[in-house]
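Please read the structure below before turning to the comments.
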There are 2 protein chains.
Amino acid sequence: MTDLPPLRPATRIVDAVHESLREGILSGVLPPGQPLSVPELARRLNVSRSPIREAVLQLVSDGLAVEQPRRGVVVATIELNDVLEIHEIREFVEALSARLCAERIDADGVAELRSIIARQEKCVAKDNAAGYFQTNAAFHEAIGRFSRNSRLHDILISLEGQMRIGLQRVSSEGEQRRRGVLEHAQIVNAIEKRDGDRAERLMREHIAKTRKRLAEQIRKARGEVAA
Amino acid sequence: MTDLPPLRPATRIVDAVHESLREGILSGVLPPGQPLSVPELARRLNVSRSPIREAVLQLVSDGLAVEQPRRGVVVATIELNDVLEIHEIREFVEALSARLCAERIDADGVAELRSIIARQEKCVAKDNAAGYFQTNAAFHEAIGRFSRNSRLHDILISLEGQMRIGLQRVSSEGEQRRRGVLEHAQIVNAIEKRDGDRAERLMREHIAKTRKRLAEQIRKARGEVAA
DNA sequence: CCCCTTCATGTTACATGTAATATCATTATT
DNA sequence: AATAATGATATTACATGTAACATGAAGGGG
């Protein structure tokens, strides 16, 4: 008999709860600082406390919530500071991701990247900020996937999740988005040519721009407080 | 009254169990593939199953164990492949760590790094391989700490833990260790001079050497299998 | 001899019970 | 009025119960 695809394991409640809470946090329904009370979530989701507790602890491991022992878990608050920390790391791990991607991607992968960029260009043309962010995330996720390093992929996903909590604090102008999509296109060109050095350098510079804007924003905010 | 440091929270059983299992895995008492049966560990450690289950799931999040839904958790097996994956990432995140360290360390920090190197030199002189690995880990951990980026520090610790499981698969000769400690000294020199560019480049090259050795080892192992 | 069924055993996943503890509104005290 | 003591309420951390499920050995049929 020809091999059937393996059955997906019966969805466990804990996974469903984790997914639901994660969505709630990333969409803003559960805002930063919101307590994640195990008994209350159990009542609300109509399951027992065990899978809730496990899911909540998962979120802590994901960096999407923080635990104060004996005082419970709350949705993580991601300050500008944290977003800067995250971009310091992204500057390097996304650069690695781009390099590995250039070495390991296939033609289908390149096509997928080009299609994401096409969607993103439409968002820029229509001045659709939300769509831009979404396709931006898809672009970086795809590059992480094609770099064929599962731990690297996990790190990128973890940073992306935390970033989304803090993202409302970061402004972006249409002109920046216009340049962003151009940079993406250049990165894909380098990847297609298998030029790992260039893909790495372009990606690093791409992220560094945002990092520097963040550092500047923080410097200004600090200045206002000090003054 | 002057502020006393906050009391450490009464040690929770779950934390004690997590620590104990982590030590067991890193020391090799719990070898790769070893099942982590919740009821059995509960009997052995004389506590109920709840804190055991939480601790075991923590280990999964740490990358030190792997879960097969409905089939339990076993200690992670770190193949040469995985060690290579980890070094691909370390090449970049350790380079970042060295750069940030150069920008942010203080005089006490530099003194600590020099003292670690001094200990490491003794290990090399006495051909003490275990001591070399331990001081090596201490060196990279300290640099991670002085880079003052908590998420970066967490990533480095996570990779280090997984590496230690797989480390027995990696050989190291006295000559390599001799060069390693020299490279460490050069990195600290760059850090002391606040030369972030140079610290980053030296660290990247330092890790890349190990990465390339690993890739070579894997290529040879594959060749033998194919032949 | 190989394959399938059956059954015994042990585990996971979830549910629920409860003591110790944290929080907070209210009252009592200076 | 500000601070401290009190008590009501809710939560965490841990313990324990149990149905569904996985595993592996023993037995039966091809």
Side-chain angles (χ1 to χ4, degrees), chain A residues 1 3-22 24-25 30-62 64-77, chain B residues 1 3-22 24-25 30-62 64-77:
Chain A
M1 198 201 307
D3 275 1
L4 290 172
L7 291 181
R8 75 178 163 78
T11 53
R12 295 183 302 175
I13 293 179
V14 58
D15 295 328
V17 171
H18 178 254
E19 178 66 14
S20 161
L21 294 178
R22 181 182 161 88
I25 292 172
L30 297 169
Q34 172 81 223
L36 297 174
S37 156
V38 170
E40 195 196 317
L41 289 171
R43 283 190 295 272
R44 214 182 280 293
L45 298 178
N46 220 31
V47 297
S48 83
R49 303 186 318 257
S50 308
I52 302 281
R53 170 159 253 250
E54 280 182 27
V56 166
L57 292 178
Q58 270 292 329
L59 293 171
V60 172
S61 290
D62 296 342
L64 298 181
V66 297
E67 181 178 23
Q68 294 139 309
R70 313 225 175 233
R71 297 192 24 178
V73 172
V74 301
V75 175
T77 298
Chain B
M1 196 201 306
D3 273 2
L4 291 171
L7 291 181
R8 74 176 166 78
T11 53
R12 295 181 303 175
I13 293 179
V14 58
D15 295 327
V17 172
H18 178 255
E19 177 67 13
S20 161
L21 294 179
R22 182 183 159 87
I25 292 172
L30 297 170
Q34 172 81 224
L36 297 174
S37 156
V38 170
E40 194 196 316
L41 290 171
R43 284 190 294 273
R44 213 182 279 293
L45 298 177
N46 220 33
V47 297
S48 83
R49 302 184 322 254
S50 307
I52 302 281
R53 170 158 252 251
E54 280 182 28
V56 166
L57 292 179
Q58 269 292 330
L59 293 171
V60 172
S61 290
D62 296 342
L64 299 181
V66 297
E67 181 178 24
Q68 293 139 309
R70 314 230 173 229
R71 296 193 26 178
V73 172
V74 301
V75 175
T77 298

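Both backbone and side-chain heavy atoms feed into the values below; hydrogens, waters and symmetry mates do not.
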(message) Distance check needed: C:dA22 P versus A:Glu40 CD, whole Å only.
(response)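 About 21 Å, once rounded to whole Å.
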
Strictly under 3.5 Å: I want the nitrogen or oxygen pairs between protein and nucleotides 12-15 of chain D, one per line.
unit_1	atom_1	unit_2	atom_2	d
D:dT12	OP2	A:Val38	N	3.4
D:dA13	OP1	A:Arg70	N	2.8
D:dA13	OP1	B:Arg12	NH1	2.7
D:dA13	OP2	A:Arg53	NH2	2.2
D:dC14	OP1	B:Ile13	N	2.5
D:dA15	OP2	B:Ser48	N	2.7
D:dA15	OP2	B:Ser48	OG	2.4
D:dA15	O5'	B:Ser48	OG	3.1
D:dA15	N7	B:Ser50	OG	2.5

(request) Please name the pair of heavy atoms, one in A:Arg22 and one in A:Leu64, separated by the smallest distance, quoted to 0.1 Å. (result)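 Nearest pair, atom of A:Arg22 first, then A:Leu64: NH1-CD1, 3.7 Å.
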
(message) Can you give me the closest heavy-atom contact between A:Pro35 and A:Val74, atom names plus distance?
(response)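 Looking at all heavy atoms of both residues, the closest pair is CA-CG1, 3.8 Å.
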
(request) Quick one: list whatever passes salt bridge (Lys or Arg N to Asp or Glu O under 4.0 Å) with B:Glu67, sequence neighbours left out. (result)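 Checked B:Glu67 against salt bridge (Lys or Arg N to Asp or Glu O under 4.0 Å); matches are A:Arg12.
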
(request) Return each pair, listed once, that meets side chain to side chain donor-acceptor pair (under 3.5 Å) where at least one residue sits in residues 42-57 of chain B; pairs must be two or more places apart or across chains. (result)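 Pairs touching residues 42-57 of chain B that pass the test: A:Arg53-B:Glu54, A:Glu54-B:Arg53, B:Glu40-B:Arg44.
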
(message) Working to the nearest 0.5 angstrom, can you tell me the gap between A:Leu57 CG and B:Gln58 CD?
(response)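 One gets 7.0 Å once the value is rounded to the nearest 0.5 Å.
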
